[in-house]
Amino acid sequence: MANHWLRPEVYPLFAAVGAAVGICGFQLVRNICINPEEGRKAGVLENFAEGEKYAEHFLRKYVRNRTPEIMPSINSFFADPSRN
């Protein structure tokens with residue numbers, strides 16, 4: 001019965017939806033736990049240090065000095081003129 005409903009063609013769809021749900025969950029937890037807007041309720045309008053810490057999260061620091069490529073090895077294989 002499970003084979004009838006779960007076909008191999010649907011696995012990429014499950015992966016894409018799972019990734020989207022994971023990203024949304026990460027952002028929701030991040031906003032709930034460490035959102036700098038919480039301090040503004042108390043009248044603290046100049047909360048630059050906490051806002052900077054929130055904006056410069058680990059993923060942004062990790063990708064800052066990297067080239068904006070999805071598959072750099074494949075791009076360099078096809079685009080590098082010294083290989084021809």
Side-chain angles (χ1 to χ4, degrees):
M1 183 81 172
N3 260 350
H4 181 70
W5 291 103
L6 191 60
R7 295 183 178 172
E9 296 90 17
V10 225
Y11 292 152
L13 181 62
F14 285 154
V17 170
V21 168
I23 290 170
C24 289
F26 169 74
Q27 187 63 28
L28 285 171
V29 169
R30 184 170 172 251
N31 281 333
I32 289 171
C33 294
I34 57 171
N35 194 349
E37 295 291 323
E38 294 289 324
R40 295 186 181 197
K41 292 178 186 174
V44 181
L45 296 177
E46 296 179 4
N47 195 3
F48 297 115
E50 190 176 351
E52 184 74 18
K53 179 182 166 192
Y54 180 78
E56 295 299 320
H57 51 82
F58 70 94
L59 182 61
R60 185 171 293 184
K61 288 178 184 177
Y62 176 73
V63 298
R64 175 165 291 133
N65 296 325
R66 298 187 178 271
T67 57
E69 297 176 322
I70 295 174
M71 298 181 185
S73 60
I74 294 176
N75 289 344
S76 65
F77 177 76
F78 287 110
D80 191 12
S82 65
R83 290 184 180 257
N84 297 331

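For reference, positions follow the sequence shown, starting with 1.
Linking ILVMFWY residues whenever their side-chain heavy atoms come closer than 4.5 Å, directly or via other members, places V21 and V10 in the same cluster. No chain of hydrophobic side-chain contacts below 4.5 Å, direct or via other Ile, Leu, Val, Met, Phe, Trp or Tyr residues, connects V17 to I23.
Listed by chain and residue number, R64 satisfy the salt bridge (charged side-chain N to carboxylate O under 4.0 Å, His left out) test with E56 (two or more places apart in sequence, or in another chain). By the side-chain hydrogen bond (donor to acceptor under 3.5 Å, both in side chains) test, Y62 is found to be paired with R66, residues two or more places apart in sequence or in another chain being considered. Checked against side-chain contact (heavy atoms from CB on, under 4.5 Å), L28 has no partners two or more places apart in sequence or in another chain.
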